[in-house]
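Step one of this worksheet: look at the structure below.
These numbers come from a predicted model, not from an experiment. All values below were derived from every heavy atom in this structure, side-chain atoms included, with hydrogens, water molecules and symmetry-related copies excluded.
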Amino acid sequence: MSIGAILLAAVGIILLIVLGILIWVIGSYNGFVKLRNKTEEAFSALDISLKKRYDLIPNYVETVKGYAKYESETLERVIQARNRAMNAASHKERIEKDNVFSRSLHSLFALSENYPDLKASENFIQLQEQLARIEEEIAGARRYYNGIVNRFNTKAEMFPGSLIAGIFHFERMPLYEVNSREEREKVNVSF
(Lines give C-alpha, C1' and ligand atoms only; values in the text may rest on other atoms or scores of the structure.)
Protein backbone atom coordinates (compact mmCIF):
# COMPACT_ATOMS: atom_id res chain seq x y z
CA MET A 1 0.00 0.00 0.00
CA SER A 2 1.40 3.35 -0.94
CA ILE A 3 1.85 6.32 1.34
CA GLY A 4 -0.68 8.29 -0.73
CA ALA A 5 -3.36 5.64 -0.14
CA ILE A 6 -2.61 5.58 3.62
CA LEU A 7 -2.82 9.37 3.77
CA LEU A 8 -6.07 9.35 1.81
CA ALA A 9 -7.52 6.72 4.17
CA ALA A 10 -6.40 8.74 7.24
CA VAL A 11 -7.92 11.94 5.84
CA GLY A 12 -11.13 10.03 5.08
CA ILE A 13 -11.31 8.69 8.65
CA ILE A 14 -10.66 12.14 10.11
CA LEU A 15 -13.35 13.65 7.88
CA LEU A 16 -15.81 10.96 8.99
CA ILE A 17 -15.03 11.67 12.66
CA VAL A 18 -15.43 15.43 12.14
CA LEU A 19 -18.67 14.86 10.20
CA GLY A 20 -19.96 12.59 12.99
CA ILE A 21 -19.18 15.21 15.64
CA LEU A 22 -20.80 17.93 13.53
CA ILE A 23 -23.97 15.85 13.08
CA TRP A 24 -24.06 15.18 16.85
CA VAL A 25 -23.65 18.91 17.66
CA ILE A 26 -26.42 19.87 15.23
CA GLY A 27 -28.71 17.15 16.57
CA SER A 28 -28.06 18.15 20.19
CA TYR A 29 -28.58 21.83 19.44
CA ASN A 30 -31.85 21.11 17.64
CA GLY A 31 -32.96 18.95 20.58
CA PHE A 32 -32.42 21.88 22.95
CA VAL A 33 -34.29 24.25 20.63
CA LYS A 34 -37.18 21.79 20.41
CA LEU A 35 -37.38 21.42 24.21
CA ARG A 36 -37.05 25.18 24.73
CA ASN A 37 -39.94 25.76 22.31
CA LYS A 38 -42.04 23.09 24.01
CA THR A 39 -41.32 24.80 27.33
CA GLU A 40 -42.47 28.13 25.90
CA GLU A 41 -45.62 26.42 24.60
CA ALA A 42 -46.25 24.83 28.00
CA PHE A 43 -45.76 28.16 29.76
CA SER A 44 -48.13 29.81 27.29
CA ALA A 45 -50.81 27.20 28.07
CA LEU A 46 -50.26 27.82 31.78
CA ASP A 47 -50.40 31.56 31.17
CA ILE A 48 -53.78 31.21 29.44
CA SER A 49 -55.19 29.35 32.44
CA LEU A 50 -53.73 31.92 34.82
CA LYS A 51 -55.28 34.71 32.73
CA LYS A 52 -58.69 33.05 33.04
CA ARG A 53 -58.24 33.07 36.81
CA TYR A 54 -57.03 36.67 36.79
CA ASP A 55 -60.09 37.67 34.74
CA LEU A 56 -62.49 35.85 37.06
CA ILE A 57 -61.15 37.25 40.33
CA PRO A 58 -62.51 40.83 39.94
CA ASN A 59 -66.03 39.38 39.55
CA TYR A 60 -65.44 37.17 42.55
CA VAL A 61 -64.16 40.11 44.61
CA GLU A 62 -67.10 42.31 43.59
CA THR A 63 -69.54 39.58 44.66
CA VAL A 64 -67.79 39.22 48.02
CA LYS A 65 -67.71 43.03 48.43
CA GLY A 66 -71.49 43.16 48.33
CA TYR A 67 -71.69 40.90 51.38
CA ALA A 68 -68.46 41.71 53.21
CA LYS A 69 -68.43 45.50 53.25
CA TYR A 70 -66.00 45.67 56.18
CA GLU A 71 -63.32 43.48 54.62
CA SER A 72 -61.98 45.94 52.05
CA GLU A 73 -58.33 45.46 53.11
CA THR A 74 -58.40 41.74 52.28
CA LEU A 75 -60.13 42.40 48.97
CA GLU A 76 -57.64 45.11 48.02
CA ARG A 77 -54.69 42.79 48.79
CA VAL A 78 -56.15 40.15 46.49
CA ILE A 79 -56.59 42.63 43.63
CA GLN A 80 -53.07 44.06 44.15
CA ALA A 81 -51.53 40.58 44.13
CA ARG A 82 -53.51 39.75 40.98
CA ASN A 83 -52.28 42.90 39.21
CA ARG A 84 -48.65 42.25 40.17
CA ALA A 85 -48.87 38.66 38.89
CA MET A 86 -50.46 39.78 35.61
CA ASN A 87 -47.70 42.35 35.02
CA ALA A 88 -44.74 40.06 35.71
CA ALA A 89 -42.03 40.39 33.07
CA SER A 90 -40.31 36.99 33.10
CA HIS A 91 -41.30 33.37 33.65
CA LYS A 92 -39.50 33.33 36.98
CA GLU A 93 -41.15 36.56 38.13
CA ARG A 94 -44.59 35.32 36.95
CA ILE A 95 -44.14 32.13 38.97
CA GLU A 96 -43.12 34.06 42.09
CA LYS A 97 -45.91 36.65 41.78
CA ASP A 98 -48.53 33.99 41.05
CA ASN A 99 -47.49 32.12 44.19
CA VAL A 100 -48.10 35.32 46.19
CA PHE A 101 -51.45 35.73 44.43
CA SER A 102 -52.42 32.15 45.27
CA ARG A 103 -51.69 32.85 48.94
CA SER A 104 -53.89 35.94 48.86
CA LEU A 105 -56.72 33.84 47.41
CA HIS A 106 -56.61 31.70 50.57
CA SER A 107 -57.60 34.77 52.61
CA LEU A 108 -60.45 35.51 50.20
CA PHE A 109 -61.77 31.95 50.49
CA ALA A 110 -61.51 32.13 54.27
CA LEU A 111 -63.35 35.43 54.24
CA SER A 112 -66.27 33.94 52.33
CA GLU A 113 -66.71 31.32 55.05
CA ASN A 114 -67.74 34.06 57.49
CA TYR A 115 -70.76 35.13 55.41
CA PRO A 116 -73.53 32.50 55.12
CA ASP A 117 -75.64 34.72 52.85
CA LEU A 118 -72.69 35.04 50.46
CA LYS A 119 -72.21 31.27 50.35
CA ALA A 120 -75.89 30.90 49.41
CA SER A 121 -75.73 33.45 46.57
CA GLU A 122 -76.30 31.89 43.13
CA ASN A 123 -73.77 34.24 41.53
CA PHE A 124 -71.16 33.37 44.15
CA ILE A 125 -71.76 29.64 43.70
CA GLN A 126 -71.31 29.93 39.92
CA LEU A 127 -68.11 31.92 40.37
CA GLN A 128 -66.76 29.29 42.78
CA GLU A 129 -67.56 26.51 40.31
CA GLN A 130 -65.77 28.39 37.53
CA LEU A 131 -62.82 29.03 39.80
CA ALA A 132 -62.64 25.35 40.77
CA ARG A 133 -62.53 24.35 37.08
CA ILE A 134 -59.87 26.95 36.34
CA GLU A 135 -57.77 25.78 39.31
CA GLU A 136 -57.89 22.24 37.88
CA GLU A 137 -56.74 23.57 34.49
CA ILE A 138 -53.91 25.46 36.17
CA ALA A 139 -52.80 22.36 38.07
CA GLY A 140 -52.70 20.34 34.84
CA ALA A 141 -50.86 23.09 32.98
CA ARG A 142 -48.31 23.35 35.82
CA ARG A 143 -47.69 19.59 35.70
CA TYR A 144 -47.17 19.70 31.92
CA TYR A 145 -44.90 22.76 32.15
CA ASN A 146 -42.82 21.21 34.94
CA GLY A 147 -42.50 17.95 32.98
CA ILE A 148 -41.12 19.71 29.91
CA VAL A 149 -38.85 21.97 31.99
CA ASN A 150 -37.54 18.92 33.84
CA ARG A 151 -36.63 17.23 30.53
CA PHE A 152 -34.90 20.40 29.32
CA ASN A 153 -32.99 20.92 32.58
CA THR A 154 -31.93 17.26 32.72
CA LYS A 155 -30.62 17.39 29.16
CA ALA A 156 -28.78 20.65 29.91
CA GLU A 157 -27.09 19.20 32.99
CA MET A 158 -26.16 15.72 31.82
CA PHE A 159 -22.98 15.02 29.90
CA PRO A 160 -22.51 15.41 26.93
CA GLY A 161 -25.57 17.67 26.59
CA SER A 162 -24.06 20.01 29.17
CA LEU A 163 -21.30 20.79 26.66
CA ILE A 164 -23.79 21.95 24.04
CA ALA A 165 -25.88 23.78 26.66
CA GLY A 166 -22.79 25.67 27.82
CA ILE A 167 -21.58 26.52 24.34
CA PHE A 168 -24.97 27.79 23.14
CA HIS A 169 -26.08 29.30 26.48
CA PHE A 170 -29.08 27.06 27.15
CA GLU A 171 -29.67 27.85 30.82
CA ARG A 172 -31.82 26.09 33.41
CA MET A 173 -35.44 27.07 33.35
CA PRO A 174 -37.48 27.66 36.51
CA LEU A 175 -39.89 25.01 37.72
CA TYR A 176 -43.33 26.06 38.95
CA GLU A 177 -42.80 25.23 42.61
CA VAL A 178 -44.73 25.80 45.79
CA ASN A 179 -42.47 27.76 48.10
CA SER A 180 -44.45 28.14 51.30
CA ARG A 181 -46.23 25.81 53.68
CA GLU A 182 -49.55 27.62 53.24
CA GLU A 183 -49.41 27.07 49.49
CA ARG A 184 -48.82 23.35 49.96
CA GLU A 185 -52.13 23.08 51.74
CA LYS A 186 -55.10 22.33 49.54
CA VAL A 187 -57.19 25.33 48.50
CA ASN A 188 -60.75 24.65 49.64
CA VAL A 189 -63.38 26.02 47.36
CA SER A 190 -66.54 25.15 49.26
CA PHE A 191 -70.14 25.76 48.30
Straight-line distance of Thr63 OG1 to Ile125 CD1, nearest 0.5 Å: 11.5 Å
Looking only at heavy atoms, what is the nearest atom pair of Val78 and Ser104, with distance? CG2-O, 3.4 Å
Do the side chains of Ile148 and Val33 join up, straight or via other hydrophobic residues, at under 4.5 Å, putting them in one cluster? no
Scanning both residues in full, the closest heavy-atom pair of Asp55 with Asn59 reads O-ND2, 4.2 Å
When rounded to the nearest 0.5 angstrom, what distance separates OG in Ser121 from CD in Gln128? 9.5 Å
Shortest non-hydrogen contact from Glu137 toward Ser49: OE1-OG, 3.4 Å
For a 4.5 angstrom cut-off between non-hydrogen side-chain atoms, does Glu157 reach Arg172? yes
Asp47 vs Lys51 side-chain heavy atoms within contact, under 4.5 Å: no
When hydrophobic residues are tied together by side-chain contacts of less than 4.5 Å, even through go-betweens, does Phe32 share a cluster with Leu22? no
Mind checking what makes ring pair (Phe, Tyr, Trp, His ring centres under 6.0 Å) contact with Tyr54, not counting sequence neighbours? Phe101
Met173 and side chain to side chain contact (heavy atoms under 4.5 Å, CB included): which single residue from Asn150, Val149, Leu35 fits? Val149
Between CG on residue Asn146 and OG1 on residue Thr39, distance to nearest 0.5 Å: 10.0 Å
Do the non-hydrogen side-chain atoms of Phe43 and Ile95 ever get within less than 4.5 Å of each other? yes
Return the CZ to CG distance between Arg142 and Leu175, rounded to the nearest 0.5 Å. 12.5 Å
So Leu131 and Glu135, side-chain contact (heavy atoms from CB on, under 4.5 Å) or not? Walk me through it. CA-CA 6 Å; Leu131 188 58; Glu135 289 298 327; 3.9 Å; yes
So do Tyr176 and Asp98 actually touch side chain to side chain, heavy atoms under 4.5 Å? yes
Which pairs with one or both residues in residues 74-91 pass side chain to side chain donor-acceptor pair (under 3.5 Å), sequence neighbours excluded? Glu40-His91, Glu73-Arg77
Lys NZ or Arg CZ of Lys38 over Phe152 ring: under 6.0 Å, within 45°: no
Can you give me the closest heavy-atom contact between Pro174 and Tyr145, atom names plus distance? O-OH, 2.7 Å
Heavy-atom pair with the smallest gap, counting every atom of Leu46 and Ala141: CA-CB, 3.6 Å
By ring pair (Phe, Tyr, Trp, His ring centres under 6.0 Å), Tyr29 pairs with (sequence neighbours left out) Phe168, Phe170
Hydrophobic clustering (ILVMFWY, side-chain heavy atoms < 4.5 Å, transitive) - are Leu15 and Trp24 grouped together? no
Let me confirm one number: the CD1-CG distance from Ile14 to Leu19, rounded to the nearest 0.5 Å. 13.5 Å
hydrophobic_cluster_shared for Ile17 and Val11, side chain cutoff 4.5 Å: no
If you measure from CZ on Arg103 to NE2 on His106, what distance do you get to the nearest 0.5 Å? 8.5 Å
Using modelled atom types and a 3.5 Å cut-off, is there a donor and acceptor pairing between side-chain atoms of Thr154 and backbone atoms of Arg151? no
Audit row: Leu105, Tyr60, side-chain contact (heavy atoms from CB on, under 4.5 Å) steps and yes/no: CA-CA 11 Å; Leu105 282 180; Tyr60 195 88; 5.9 Å; no
Give a yes or no on whether the backbone of Ala89 and the side-chain of Arg94 come within a donor-acceptor separation of less than 3.5 Å. no
Working for side-chain contact (heavy atoms from CB on, under 4.5 Å), residues Leu50 and Arg53: CA-CA 5 Å; Leu50 291 172; Arg53 182 172 67 174; 3.5 Å; yes
